[in-house]
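Notes to accompany the following structure.
In what follows, residues are counted from 1 in the order of the sequence shown. Every heavy atom of this structure was used, including side-chain atoms; hydrogens, water molecules and symmetry mates were not. Counting starts at 1 for both ligands and their atoms, following the listed order.
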Amino acid sequence: MARVTPSAGLLKIGESVSSMEMIRAPELPPFDYQPQPYPGPSAEEVLRLRREFLNPGIFLYYKRPLMIVEGKAQYVFDEHGRRYLDALGGIVTISVGHCHPDILEAARRQNELLQHATTIYLHPNIAEYAQKLAAKMPGDLKVCYFVNSGSEANDLALLMARAYTGNYDVVALRNSYHGGNASGMGLTAHRTWKFNVPHSFGVHHAIAPDPYRGAWGRDNPRAGENYAADVRNLIEHATSGKVAGFIAESIQGVGGCVVFPNNYLKHAYEHVRAAGGVCIADEVQTGFGRTGTHYWGFETQGVVPEIVTMAKGIGNGAPLGAVVTTRKIAATIAQRTHFNTFGGNPAVCAQGVAVLEVIEREKLQANALRIGNQIFAGLERLKAKHSLIGDVRGKGLLLGIELVKDRATKEPATAECAHLLESCRDMGLLLGKGGLYGQTIRFSPPMCLHEQDANFLLDVLDRAFSAV
Ligand SMILES: Cc1ncc(COP(=O)(O)O)c(C=O)c1O
């Protein structure tokens, strides 16, 4: 593999870059866009300010931290104007593309008229947006609540499940991520994201239906049913036999893009409903067409939940989250007032409407399926070539490859995964990381990705794996 030293223009923060060898990068696909000159402080200065004045708990991805100052469609630019293919999409948040002109225009128009007033007054945006979002939902899922994040959405969903059923206990899944606030952390089952403080009140975690690492693999036609039996078992042993509900991501994202075996949710929902509970689908990563075949991730499992939570891609970067539920459940919550200062903000709702329209008009769900399948097939070819890849999985443009030191023992290849992310970044490709051991590379690019971008992504990965 040919190697070159990094160009003098690259950042040198922390580690000495000059001593680091880089792999020769393939050309990024042509892109007719000129980033603006960046007039702000250097990355070194921003890092210094961050270290002095910011929450020390926030983490950076790369040894030489990357500063991103501009974005357009599927690309982002650093302060030197260097372009990167954003295959992480702001952690699964840029659904329709960075700075999409329609989203910008919707925000601009509304910001010039009225930025904020709250739901104590009427405003058309929140009402019309709720109507449009409800139209995307199956069954009786017709009542929308707007919040600011996925954590808030899950917190509200938990409250709804408990208030509606009168029950307390909740079943969540191991390897899940549902947020960083108190209740989100309680639902989450990943030591990385949990503080050593009291949490998880009434939350019980069932076995993760992980066909790669779990007891039943993809070759077992009863895997879904078998994993779901643990939900029933948990309800029988860890609760009074009555539960408020069950929550699951439709594909576990932070956990490393774990796709459940067919029929898992169908059987799990049956056990939960038999115990008096309602089912909550966390669509924060899987919603809005990203899985390609369906608009909502739960539809890939043939189920309809009673409560759906959304965030991230719903706003393409706007601080927007939502909970959608049935009229019956909503009526219970109406026993008390519900208020959220920014939830349903006119400017954010305008962006939410624009996101729905762009997904539709630009046929981004179909694109997620087509390009996702192209990448998936390419990743399978890489797996045949590079023994470090233990598993390829995902749907549409929510994909993952799990790295293992040894395919037989499945020992997580954590250091190799981190190293690969670094060398892909050096070649102009930004990727995500997931899994309990940071052993899974995650792909969740904006859904406007092109075929040439997919080829670039696969080429970069091939070179990076060849050099490990
Ligand atoms: C599946 C899922 N649910 C909930 C959340 C929490 O969302 P937020 O960070 O907007 O609070 C996340 C965030 O990564 C997520 O991936």
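- A salt bridge links Lys136 with Glu360: at least one charged nitrogen is closer than 4.0 Å to a carboxylate oxygen.
- Between the side chains of His100 and Glu362, a donor-acceptor pair is found at a separation under 3.5 Å.
- Applying the side-chain contact (heavy atoms from CB on, under 4.5 Å) rule to Ala413 yields the partners Leu388, Leu403, Lys405, Glu416; only residues at least two apart in sequence or on another chain are considered.
- Using modelled atom types, one side-chain atom of Lys72 and one backbone atom of Cys99 make a donor-acceptor pair closer than 3.5 Å.
- Taking Arg336 as the reference, nothing meets the side-chain contact (heavy atoms from CB on, under 4.5 Å) condition, with sequence neighbours excluded.
- Applying the salt bridge (charged side-chain N to carboxylate O under 4.0 Å, His left out) test to Glu411 and every residue at least two apart in sequence or in another chain returns nothing.
- Ligand 1 is surrounded by Ser149, Gly150, Ser151, Asn154, Tyr177, His178, Gly179, Glu249, Asp282, Val284, Gln285, Lys312, each with at least one heavy atom closer than 4.0 Å.
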